[in-house]
Every structure is written in C-alpha cells, then in structure tokens.
Asker: 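Just passing along the structure, written as structure tokens.
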Amino acid sequence: MSTLAIEHLTIGLPEGADRPFAVEDVSMTIDKGHILCVVGESGSGKSMTANALMGLLPPGVAVKAGRALFEARDVLRLPEADKMALRGASIAMIFQEPMTALNPLMRIGDQITEVFAAHDRFTQAERRKKALDLIREVQLPDPEKIIRAYPFQLSGGQRQRAMIAMALALEPKLLIADEPTTALDVTTQSQILKLILDLRDRRGMAVMFITHDFGVVAEIADGVIVMREGKVVEQGPAAQVLNTPQHGYTRRLLAAIPTGVLPERRVLSDSPALEIKGLRKIYRTGGGLFRAPREVRAVDDVSLTVSRGEVLGLVGESGSGKSTLGRTAVRLVTPDGGQVLVGGTDLAALSDEDLRKQRHKVQMVFQDPYASLNPRQRIIGAITDGPIARGIPKARAVARARELLDIVGLGADAASRFPHEFSGGQRQRIGIARALAMDPELIIADEAVSALDVSIQAQVLDLLRDLREKMDLSILFITHDLRVAAQLCDRIAVMQKGRLVEIGTVHDIFLNPQQDYTKQLLAAVPGADWDNQKVPA
Amino acid sequence: MSVLAIIAARLFKAALTLLAIAVLNFCLLHAAPGDPAVVLAGEAGAADEQMIEQLRERFGLDQPFGVQLWKYVSGVAQLDLGYSFRQGAPVIDLIAERLPATLLLTLTAFVISLVFGIALGVAAAARVGKPQDSLLTALALLFYATPLYWAALMAVLVFSVWLGWLPGFGYETVGAGYTGFDRALDIARHLVLPALTLGLFFMAVYMRMTRASMLEVSTADFVKTARAKGLSGAVIRRRHILRNAILPVVTLAGLQAGQLIGGAVLTETVFAWPGIGRLMFESLAARDYNTILGVFLVSAAMVILFNIVTDIVYRLVDPRIGARA
Amino acid sequence: MSFWKRFRTNIGAIVGVVLLIGVIAIALLAPVIFEHGPWQMVQRPFLAPFAVDGLPLGTDTLGRDVASQLAHGARVSLLVGLVSTLVALLIGVPLGALAGFYGGYVDEGAMRFTEFFQTIPNFALAIVLVAIFEPSLASITLAIAIVSWPPVARLVRAEVMSVRKREFVDAATLAGLSKHRILIRQVLPNTVSPIIVMASLMVATAILLESSLSFLGLGDPNAMSWGYMIGAARTVIRSSWWLSFFPGVAIIITVLALNLIGEGLNDALNPHLSRKGRA
C-alpha cells in the first residue's frame, strides 16, 4: 500500500516564464518505509513537485492537472484549512538552507513546540518534554541547552538536525526533504543521511528525497525518479537505475558524476611552477575597545609545490583554509609569513606597485559564475583589460581574446556581448579565457565547478583537461569535492583547520590514505561504496 | 560586554559628539558676517558701545582664537550657553523653561506615528495588492509629500477655525486657572492637533518602512518553514514575520528622532506651542544667535540621548546582538 | 524586461513624470505667461480666487497676483532642489566610495564624520546655517546640501562594499589594474542604480526643506517661493485661507511627482527588489 500516489501532475508557470509548465504529467508512488529520490538538475521541476504537495507553491504558479492521493484524499485539492492541518502533522518538510530556514529571533525549543501548538496537541509541559525527546532523537548534544539556544548559536549541521526534529514532531507519514544536505560539508552530509536512514527505519515513514547528486542517491534511495525540464525521464528501483540506466539523459548524468575511476599517472617535470613555503595567515576578528580579538589560523605553516604541467588538487571542508591559501597564493590576501615563489619571484614580498606588474604570473578562475564577471562590461573588455594594462597593444590583445574564446568553445563573436547573455557554464568558460589571456605560469581554480550542474560540470572539467594537455598548464585546483579532484588532478593535498594533513598522488590518497582525516573524508563521500564497485580491481 | 559597559561607551561617544557640536557652534559664530561681539549681542537694539565692550572682555574676543575657543567650550561644558540680550535671560534658563513642552509634543508625536505607522504598515502588507493596500499606500505617499507646517495650518483652519472642535493655539487655556486633572485634560486638548500634524509625516514614513520590511521578511526561508509546520497565516505573521520585520523599523525610527525635533520647530511655530522650537523661531527674527545655537545644541543632545535609548532597547530585543557584544 | 518597459508599465511613475513635466513647463514659461512679476502689485489685496478676471487665484496681502507667484515659486523650488541634490551627491559619493573601497582607517574616519552629521538634527542645522550666513539662494542650497549628504555617503559606502566583495573585482586586481581604476571603472558603475533612485527622492526632500526654511522667513528675499507665500499668509488664514492653501498644493504635487518617479525608478532598476512583484 503506497503512502503517496501522484498521478499525472502538471504545474503551470506564470506567463512570461521560459516554459509553460514547471512540471508536466508526472506520476510517482512512494511506499511506506521507502525512500524515493527525485533527481534532476536545476530547473527540472523536482522542488516544484514537493512544494505542490505541501501547498507551498509560489504566487503565480498553480496545479493545472493531476492528483496526489495521500490517505485516500487528493492533497492538491483540499481546502486551505485541511491542508494546514496536514502540513507538519502528516506531511512534513525540510529544506536546503539550514542557515536561513530557522527564525533567527526564536529559541530552538519554541520553534519545535510551536508545531504542537499549531496542531493543538499536548499540554505545555508535555510539549517541552516531547521537544527534549526529539532533540535527543536527532542526536543533538546537550538537549537542555539546545532547547534554549537561538539558531545563530548552532552550526549548519546542528540546525539541519533541529529542522528534522521539527519535521518529526508529530510523526508524519511522509517526510519531504528538499536537498537537505546540499549546503553541508561532506562529513556532516554523511551524518545527516545516516540520521534520515535511521529515522526511516525506526518510524517506518515514507521519504521523498530531492537531490541533484547521484552519490547521495546511491547512499539512501530505494527508488529513483529522474526528472528533466519538468518531465519524468526514467524511474525504477535504485539498483536498476544506477547500474543499468535506460535513458540517455540518465546515462549522461551518471557518466558526468565524477567517479572513483582514477586517471592514468602522468610523468611530471621537476621544475616548479609554484612553491609555497611555510605560509601563514591569521585572521583576527571581533576585536574592540573592550575585548581581545579572536584569532583564526586560516593557513598554518603550509608548504607545497606545484610542478610545471601539474594539476594539484587542494581538498578540504569549509573552514579548512583552502580558499585562503588560494587567495594568498595570488596575493589577493597578504600572508602573515612564508613565501609564495612563482618563477623565482616571491609574490608575498613584493610592494604593491611591483606586485601589479607581476600579477599576470598567477591567475584565478572563480567559484561564482554570476559574480566573477562585471555585469556592465562587455566580455572583450573583461578579457583584454589585463593584457592591455601589461602593455600589450590593443589590437593584439583583442585578436588573442577572440582566439581564446574560440579555444574555450564559445566562438569569437561572444566578445561583444554582455555577461547576462551567457549561462553559468559559459561564464566559467569566459573566466578561463580571461585567465589564459594573461599567459600565466599558474592558474588557481577556486571551486571553479562547484556552482554548476553535474552535466555542465563535466563539460568544464573536460575543457580544463583538454587545455592542460594542449597548453601544458599548471593548475592549483581547489575543491571540497574529492570525486571532482580525482578526475582531474595528478596529486592531491588535503587541508583541515589551516594545516596540510596529507599530500600525495591521486592513487596514494584514494587507495592508500595515511591520515585518519583523509580516511574519514573518503568514507563520507556519498556513494563511495557504489563507486568502488566500479573501480577495476 | 555588559549593558553598563555599553552605556558607558555610548555616553563617552555622546560627550565627544557634543564637544564637536560646541566647536562647530563656535566656528559658526565666528563665520557669521560682522564683529563677533555684535553678533553675540544680536539685533536686540540693546547693544550699545559699552555693552559690546563688556561682551568682548567677557568672552575674551580680543584674545587669540584658541583661548576664545577654550572659554566657549568650557562654558558649554558647564551648561553656560551664553546670554540672550533679546530676552534678557541666560539661554540655558530659557531652554529649560521651554523644554518640557517640546518633549511632550515630540514624544507624543513619536509614539503616535510609530504605533499607527507600524499598525497600518502591517495591515497594508497583509492585504498586499488588494484595494485596501493601494489606498493605504497612496495615503502614505500623500502624507509623505505634505509639508508639515502646511498640514498644521490646514488642521487649524478645519478643526479649530471652521469646526471649532479643538484649540489651535497655545499650550493651555490662558487664564482659565485649571488645576490637576482639568489642567491635564486642557493641555491634552491643546496637544491633539500639534502632535497629530507633526506625527502624520513620520507615520507615513514608518508605515512605508513597515510594509516594505514585512513583505521582505515574508519571503524569508523561515517563513516557508513555518508554513510547512502547518501554522496559520495569522500566527505566522505575528510570531515570525512581524518580530523580524519590526526590528529594522524601530532602529530607523530611532535614527529619525532628529528629524522629529526639526519638525517641531515648524509645528510649534504654527501652533504657538511654547517649546524650544518656537524659541528658535522667535530668535531667528531677532538674530539672537546665542539662543539659536543653544537650542541647536540642546536638540542635538536630545537626539543623541534618544539614540542611546533605542540602541539599548534594540540590544535587549535582538538575541544575536546581545550575544555578540 | 528592459528598464523602459518596466518603467512604462508603472502607472504611478508615468503620472509622476507627467506632473513633473507640467511643473517644469510652468516654471520655465512663468515670465511668458504672466505679464506681472511675482512682486508686482496688480489689484487690491485679499481678492478671492476668480473674483476678478485674469486673476484666477486672487491676490495676496499686498495685492500681488497669486498665480504668478506660484509659477515663479516653481523656479526656486526646482532649482534649489536640483542643485542642492547635486552638491550633496558631490560630497556624499566620493566620501562613501573612498570609505567603502579602501576600508580601514579611511573608512573609520569617513564614517565617524558622516555619523556626526547624521546625529545632528538636520533641519535645525539647516536653520542655523542659513541664519548665520544670511538667507540667499546660495546659502539655502548649500545648507540643504550639507544636511542631505550623509545618507548618500552611507548608501554609496554600503554599495561599494558589497560590489567590492564580488569576484570580478578580484579578477580586475589580478589583471593588474590600479586600485583607482578598479574603483572608477569596475565598482562605481555598478552602484549607479541605487544612487539615481536616492537622488530623485532627495530632490523631493530638498524641495520640502527649502519650503520649510522659507516658511520660517529664511528664504532668499529676492526670490518668490512657495514656502514664503504660506509663511506670509499664515497670519491671515482665518480670512484668506486660499493664500496658504494653493502654494501647499503646489508643493505636494511637485514632491509627490518626484516620489512617484523615484519609486518607479526603484522598481524598474531593481526588479528583484520590486515591492509589487513579491507577495
């Protein structure tokens, strides 16, 4: 007996949207005690489906056809009062952004007990006791303290646990989880996934789990539905979809996921493109007239080398200092100590004026494709600004820019357009062309593919791999995603809390990690077991 | 950091600001066209040669600039704001006598504008896009464009001259000899029109801010969470949206207290309300610079004090700031 | 949707533009329409509107043509509003830009200075300045500019700080561009929209301030203004209410028009923040 059955659901978008329907003729069922993963890239309509079930569609968006049977009633057509009674009681939902999904001015305990109040259950004292039980059940530490805490006092993972506690308060039959681990670090993600699996087993509820990550799917799914542009592309049991995908799109998505398959070893040159020696950066925050500042050692005595033609992956969770290291290496941040040697010059020691003349030696490809290009500047300007400032004649700089746009796969006519005319993946290509235009000794790619959908991610990674061969590029590739690093890098450096934990060839790190933290990270990678099956022994 | 330490830090900063204003005042006196002694005497007609000579001596106007500045600033620090030759009294006495009326007027107007502004802003936001919202928004826009003093004049014309409902002049009925409750009632009747017309503009400001803030917060993720919990629209508005939306409004309202005092000059002028604003207006015609600058300094001090109070209230209400500080 | 398309669909903004064009036309054509200047006695005093042909709004306490006064008053209001806003931008934009871009001590110093001016009750300061420096169009304009720039500095600082954190600024730094060039060519162009919106609202506020000063008798004695008209007619409100009424309506229309335009600009320039688009 299925908990939820969606039949031929169609959701209309407001006029002027890029397509008429957010979701078109979608059907699915979720059984009691099962986890159904709804997978798709951005714009696939997976979140809209969930919002429609909850009656939380944004204004202008409405259900046009179909029904969703839950406890023998069509939840899409219930009167608002009945929907309200259902929400939070029989169907509960958790969201992607734990940082913003909680009311900043309300104590965690109050936000949990409010669910009971909304549905008129229990007395005050019972509500408090239940809240404590829930906090214990989601394994938050020190429940008595948590219940009185405000959201800003909790970490991201703890907030997501608090959200789950609220969702579970009235023992819902169906839990809808909308990308609940996307904003979290891998190790936190793996803990939350484990918690959801546990709770499902203990309570026997049905879970609709929305994600873009097939690694996560491999970890928890019983059934899978793949959506694309509002339509169901493929559905079936998890093992079947993952191992023998039928539809081309599913196969492409699966192929695009960086897997544990490691690249061939390459022979590296001995001459270094970048040498970092004893680099240190300390951030002092919150100092004032009456208080001592708090010190964070963002980069703590790190030394490493990137050889010519090598791609070195720099991996770590948020707060590990990997981005600060990257920004220090290009001297966007001035280090407190140590050396950054590029072609024999110590960038860390240069005066502002000398630095400006040496800037071209190290270039960066940034994370956010929407923030990394000036919205008011044409592409050609963005690419030629640097070479012209270096003294290259304008005509030559323009010609080279067009050539580079062609190389990164955009075509020379992209030059005269503005950034808003390009998609996220195309913008990253422009960013790469901009970096190449300076003929740098080294490129630092700071989470350069993290903001992209998997299939786009794969294309940009292909481009980087291609360029590496053609132009003999040296790249410091910063990422939080070990799977991505494995695809591109020759060696990998692992950072934690500002320190370099381990550095070695991809093969050493993946197959024979030495440090506990590296092992932890590898174990936390979603779908790691499934990946391993595919690695030829 | 404890609340006491915060207050201490704020008071220290406030003292510095007042010192800077005193210096500014002194510079302005010297920047005024003409002999500073004549300027100080004002156009009271009282300024004969001998008197100006005395002034020159008393304020050390024949001494170097630095000495003069020191004399002036240390005088201000001891609440010596100079002497009004026009009114024949020390400026501080004149201000002290008139200050209560201004405080009564501005605080009443502030409370009225804040309470009604927030209430109407909440009401408009709850009906966004509907006719009631459009009407309220249009009215706010109209009040926002209406000069304070003109609204005051029209209120006098309609409610006092034509309809005869409320007094349009003064602080209380002169010579009526009311005492106790009767006197309070009499003053309250006199207060209605000035407070309402002064508050009208600010009510429009606060209403617009509240409405915008409510709409802004209502798109926040935690509001979606609240809906997903099955809370009713009214509960969500009260517990989740309102509390988060009101904080920035109250902060901004506190910062705008200065404008309220500026507006009081106009309102008090129209209603012959015996406050420091009216005192300033009277001194303008007489070119009584000592009094003008004295009122200026005191009104700045009031604003600073008010800002400290709102700041502390804000810290008590918002858990995030309290914990960080 | 393009900027113009969004602006055009905003009825309020269009009404504002039409009203403002009307006021500007009247101001420009005042000497042509009215043969009598605003200071010239044309009839006996206290004539009610339409009492005498050719004097649709009657005469004031000294027998001057109220309609002519209104039209000439528009010149002062618009001129002072516009020029004082420009001066305030000239002070506020560079100060805010430097504070936001360079940070550190520059920011600290600039912001303490701005805070000081924001703490002082601005209308009271304007009164003091005009009183001390003798009322004239120049002193009034300058006084209004001096009390109006702090919000500009704060806005520009906040905008610059947020733009400065965007990655394209880092990219420009890595391209070897100088700091000044980055501030002027990369950062400032991205702060223009909110400055335009604020400026249009500031003109409205400046007009209100000017009229308030004139009402208190601090207007330029050689320039007819709406505030002066109301101030002069204040004492005769019982007998000749229209003398105070019409200049007030003129102020409201002008200020309302500017506010409507400002809001229209805001909605059109920042579509994602538009008040109506979200519910």
Side-chain angles (χ1 to χ4, degrees), chain A residues 50-51 53-56 58-59 80-107 110-120 148-153 159 162-163 166-167 169-170 172 175-176 178 285-286 288-291, chain B residues 1-13 16 125 127-130 213 215-251 313-325:
Chain A
N51 286 332
L53 290 174
M54 292 296 284
L56 293 177
E80 183 56 30
D82 290 1
K83 274 189 195 168
M84 221 152 67
L86 213 61
R87 281 202 289 263
S90 307
I91 306 181
M93 186 163 178
I94 55 179
F95 303 94
Q96 176 173 354
E97 279 297 338
M99 301 318 249
T100 52
L102 294 170
N103 185 340
L105 297 183
M106 244 170 120
R107 294 177 198 278
D110 293 339
Q111 297 197 48
I112 296 176
T113 52
E114 157 178 87
V115 182
F116 302 127
H119 297 275
D120 259 336
R148 296 184 40 76
Y150 287 98
F152 75 93
Q153 294 164 315
R159 290 185 208 199
M163 274 298 293
M166 284 167 216
L170 291 173
L175 175 69
I176 302 175
D178 189 357
T285 50
L289 211 50
F290 300 89
R291 279 172 298 161
Chain B
M1 189 153 66
S2 73
V3 175
L4 275 181
I6 295 169
I7 295 175
R10 283 303 141 107
L11 285 178
F12 178 68
K13 209 173 131 194
L16 281 184
R127 294 166 185 76
V128 66
K130 295 194 180 135
S213 186
L215 293 182
E216 167 104 29
V217 174
S218 65
T219 62
D221 284 352
F222 63 81
V223 174
K224 199 174 170 189
T225 306
R227 290 178 67 193
K229 286 181 189 171
L231 269 57
S232 71
V235 172
I236 293 174
R237 262 200 298 283
R238 198 179 63 241
R239 292 186 64 146
H240 292 275
I241 304 180
L242 184 62
R243 281 182 61 189
N244 280 283
I246 241 173
L247 276 178
V249 176
V250 172
T251 319
V313 170
Y314 192 91
R315 270 161 200 280
L316 295 178
V317 176
D318 190 337
R320 287 165 296 186
I321 296 186
R324 247 187 266 132

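These numbers come from a predicted model, not from an experiment. Each chain gets a letter, A, B and so on, in the order its sequence line appears, and its residues count up from 1.
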Asker: I want to check something: taking the side chain as every heavy atom from C-beta on, are B/D221 and A/Q96 in contact at a cut-off of under 4.5 Å?
Answerer: no
Asker: Salt bridge (charged side-chain N to carboxylate O under 4.0 Å, His left out): which pairs involve residues 238-248 of chain B, sequence neighbours left out?
Answerer: A/E114-B/R239
Asker: What distance separates A/E97 CD from B/K224 NZ, expressed to the nearest 0.5 Å?
Answerer: 12.0 Å
Asker: In terms of heavy-atom proximity below 4.5 Å to chain A, should B/A228 be classed as side chain, backbone, both, or neither?
Answerer: both
Asker: Taking side chain as everything from C-beta outward and backbone as N, CA, C, O, which of these in A/M84 sits under 4.5 Å from a heavy atom of chain B? Side chain, backbone, both or neither.
Answerer: both
Asker: Considering only heavy atoms, which portion of A/L102 lies under 4.5 Å from any heavy atom of chain B: side chain, backbone, both, or neither?
Answerer: backbone
Asker: Is it the backbone or the side chain of A/M99 that comes under 4.5 Å from a heavy atom of chain B, or both, or neither?
Answerer: neither
Asker: Has B/T225 got a side-chain atom pairing as donor or acceptor with A/A101's backbone, closer than 3.5 angstrom?
Answerer: yes
Asker: Quick one: side chain to side chain contact (heavy atoms under 4.5 Å, CB included) partners of B/T251, sequence neighbours excluded?
Answerer: B/Y314
Asker: I want to check something: taking the side chain as every heavy atom from C-beta on, are B/K229 and A/Q111 in contact at a cut-off of under 4.5 Å?
Answerer: yes
Asker: Determine the option with the most heavy-atom pairs under 4.5 angstrom with chain B, choosing from A/D110, A/T100, A/N103.
Answerer: A/N103
Asker: Measure across B/G230 and A/A118 and return the closest heavy-atom pair with its distance rounded to 0.1 Å.
Answerer: O-CB, 4.0 Å
